[in-house]
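Structure first, commentary second.
Source: prediction; values computed, not measured.
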Number of protein chains: 2
Amino acid sequence: MLDERSKRVLCAVVESYIDNPDPVGSRYVTKRYSFGFSPATSRNIMADLEDMGFLSQPHTSAGRVPTDKGYRFYVENLLMEKVSFHSEIAELLTRRLKSLREDIDSLLDETSKTLSSLSHYLGLAVTPGPEESTLGRIEIIPYSDERLAVILFTNEGIIKHKVIKNDLSLSRHDLNRIARYLNREYAGFTIKEIRQHLLAEMEREQALCDSLVSRALRLCRDVMSYYGANVFIAGLAEIIELPDFSDVERIKELSRTIEDKRAIIKLIDRIIDAEGVQVVIGSENPVREMKALSVIASAYREGERPGGVIGIIGPTRMDYSSAISLVSTAARFLSSIFDKGGRG
Amino acid sequence: MLDERSKRVLCAVVESYIDNPDPVGSRYVTKRYSFGFSPATSRNIMADLEDMGFLSQPHTSAGRVPTDKGYRFYVENLLMEKVSFHSEIAELLTRRLKSLREDIDSLLDETSKTLSSLSHYLGLAVTPGPEESTLGRIEIIPYSDERLAVILFTNEGIIKHKVIKNDLSLSRHDLNRIARYLNREYAGFTIKEIRQHLLAEMEREQALCDSLVSRALRLCRDVMSYYGANVFIAGLAEIIELPDFSDVERIKELSRTIEDKRAIIKLIDRIIDAEGVQVVIGSENPVREMKALSVIASAYREGERPGGVIGIIGPTRMDYSSAISLVSTAARFLSSIFDKGGRG
DNA sequence: TATTAGCACTCTGTGAGGGAGAGTGCTAAG
DNA sequence: CTTAGCACTCTCCCTCACAGAGTGCTAATA
């Protein structure tokens, strides 16, 4: 599709621009990369690349800037080679996460902070959601006269608790039976499966009387409906320092992105089933507020099964190479923690 | 200290400036408030107010802008009168929090969002910290072969869980005894008291052998040290829209403030013991990044005892009157929830 | 034929200069 | 003590001109 020379020029322009957010001129790039041909030739090539949509000009007589398509080509090129190991984050994570191993929320919170401080972009970390988490055990503890605390243990090491009203004034004995019943029925299934199963089951039960089973189901539904992925995003103060966000409008977009966790979860759904590091560049992103941002993300695994997602969010003019190796290394690191942890 | 006329002029200037972030001129303010004297007289008064430090001029021939001291005077004046009830937030909170009553984290998260969306500033909500929370009950649940889940119930309705390694390979029986021991010893004390007591106790125990008590203490320490207040801040996307934050530097300060929860907790310590709504204006704030921001905050109560804190963070040029009534109403509302809830 | 040097052209960014507008401070009159 | 009048100051905005950077085209070159 592109001849060797065009490739070299395109990648050179992208790299120069990532280094320094000024439109890249033919003279500059030719000198810096000593192509072996003159600026005039580069100009011709760059004009062609612009026609093909890889580069664009802010105005007639400025240098060139990569388009999202240009970044995409550059990234594909990067991904052809083996992703390098980023020893710095491996070390940092080892040190910081040592004491947090037992608590997945703190673990991911710290991971997002570490990703941010090493990349100077936004660090992202998401716990396994209802589709990934499988129920390990459920415990019901009477908490006050009118309230029950339900504790949910997943096989991923997530614990969630929810207080619910003891509307049906169930006795301690009943609660034990309910817990045993639910554990027997649902342990090992994902939260999502359980939700679906609950719906079906409840319809069937409705015909019958107000049995213990139907109480158990109602209680379980209340708890399950509450289950959601936790999203950790860190580094706003860091990323704002970049020249890409010297414009207030861009910062507004960014803060909307950070506050709207649902959009992130929507995005995550696409990434979680894919293998390896995923790169979403600018306008490729379906979320409107993120069309000027790029996302580098990877799922981490819990043994065989997918867990949650971690990643980096930055401007489209982003150091993809380093971000990719950071995310890749961190994801492998997290997966290894969970493997060794032997949870469940 | 100030004669009646000066007061009127000062408050008029502050109000005008809050309405509209342009320096306030003598002609404008005199017309708008029909003082009964001419702009020239206002000019004299305003010059005096400037000498006294209540007003300042951005440059020689601009109008006046309130200083922090000016805002302080204005706010003291406001607080003399009865704080008005803000029915809108009462309604909204009633509606939104109905279903969340049982979970203090969601409750406060939603409160901070509501405060933000009604004020268009940052909404702040903090759970009770170790000094306010009293232990209700502790439960220890074996979780996997090597791990224990410790569930902490406070009388404030907070539940925290922590997974810890079962280093000492305690049996189920031992765990029950430990839990019973801890509940007997510590129920009813604040987390902070328990921490202090633990320290003393552990030193005494160290002399003795590795008894069950000393294991209980160690386990308890791990859990307690993890206990901290949760800080919820919402509304960055909202507050950035204000003209006060059209400057990128200001936004950077703001995002640093939001990311540094420790600074917020430090600030909260001063507010929690005070009665009613507290106002911290700009440079009065000990936290450096917040010297251009004002905080309106109030503790909410759990029955007799202080709970956590809620509040609003905005620019010093802030609608204090409305913010104060919002915070006051919301705090009373939360306190009433906890009262009715009859937790503990 | 592909490459290159040269050159005219275009567009931005910056800084100077000038005028309008707003508001002050001072003075002198009421 | 208050007020009208007026000169003065400072910002903001507009325009203009110019330097600088980079392009696209053309004609010469290997």
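Residues forming a ring pair (Phe, Tyr, Trp, His ring centres under 6.0 Å) with B:Tyr320 (at least two apart in sequence, or on another chain): B:Tyr71. A search for ring pair (Phe, Tyr, Trp, His ring centres under 6.0 Å) contacts involving B:Phe85 returns nothing, not counting sequence neighbours. Every salt bridge (charged side-chain N to carboxylate O under 4.0 Å, His left out) that A:Asp260 has, sequence neighbours left out, goes to A:Arg262. Every residue two or more places apart in sequence or in another chain that forms a salt bridge (charged side-chain N to carboxylate O under 4.0 Å, His left out) with B:Arg32 is listed here: B:Asp19. Not counting sequence neighbours, the partners of A:Asp109 by the salt bridge (charged side-chain N to carboxylate O under 4.0 Å, His left out) test are A:Lys113.
Distance CD1 (A:Ile45) to C1' (C:dT4): 13 Å, rounded to an integer number of Å. The distance from atom NE2 of B:His59 to atom C1' of D:dC8 is 14 Å, rounded to the nearest whole Å.
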Under 4.0 Å protein heavy-atom contacts per nucleotide of nucleotides 17-30 of chain D, with B for base, S for backbone only and - for none: ----BBBB------
Let me have the donor-acceptor pairs involving side chains of residues 41-48 of chain A, under 3.5 Å, with sequence neighbours excluded, atom names and distances please.
unit_1	atom_1	unit_2	atom_2	d
A:Ser42	OG	A:Thr30	OG1	2.9
A:Arg43	NH1	A:Ser26	OG	3.2

Compile the donor-acceptor pairs under 3.5 Å between side chains in residues 232-244 of chain A and protein atoms, sequence neighbours left out, one pair per line.
unit_1	atom_1	unit_2	atom_2	d
A:Glu238	OE2	A:His120	ND1	2.7
A:Glu241	OE1	B:Lys252	NZ	3.4
A:Asp244	OD1	A:Arg317	NE	3.3
A:Asp244	OD1	A:Arg317	NH2	2.8
A:Asp244	OD2	A:Arg317	NE	2.9

For residues 281-290 of chain B, run the donor-acceptor check on the side chains, cut-off 3.5 Å, and write out each pair with its distance to 0.1 Å, sequence neighbours left out.
unit_1	atom_1	unit_2	atom_2	d
B:Ser283	OG	B:Asp68	OD2	2.7
B:Glu284	OE1	B:Arg72	NH2	2.6
B:Glu284	OE1	B:Ile281	N	3.0
B:Glu284	OE2	B:Arg72	NE	2.9
B:Glu284	OE2	B:Arg72	NH2	3.4
B:Asn285	OD1	B:Val287	N	2.9

Enumerate donor-acceptor pairs with a distance under 3.5 Å from any side-chain N or O in residues 54-61 of chain B to protein atoms, sequence neighbours excluded.
unit_1	atom_1	unit_2	atom_2	d
B:Gln57	NE2	B:Thr60	O	2.9
B:Gln57	NE2	B:Ala62	O	3.1

Enumerate all atom pairs, one protein N or O and one N or O from nucleotides 14-16 of chain C, separated by less than 3.5 Å.
none

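Listed by residue number, the members of residues 3-12 of chain A with any heavy atom below 4.0 angstrom from DNA chain C are A:Arg5.
A:Val29 places none of its side-chain heavy atoms less than 4.5 Å from the side chain of A:Arg64.
The side chain of B:Phe37 lies closest to D:dT3 when the candidates are C:dT3, D:dT3, C:dC11.
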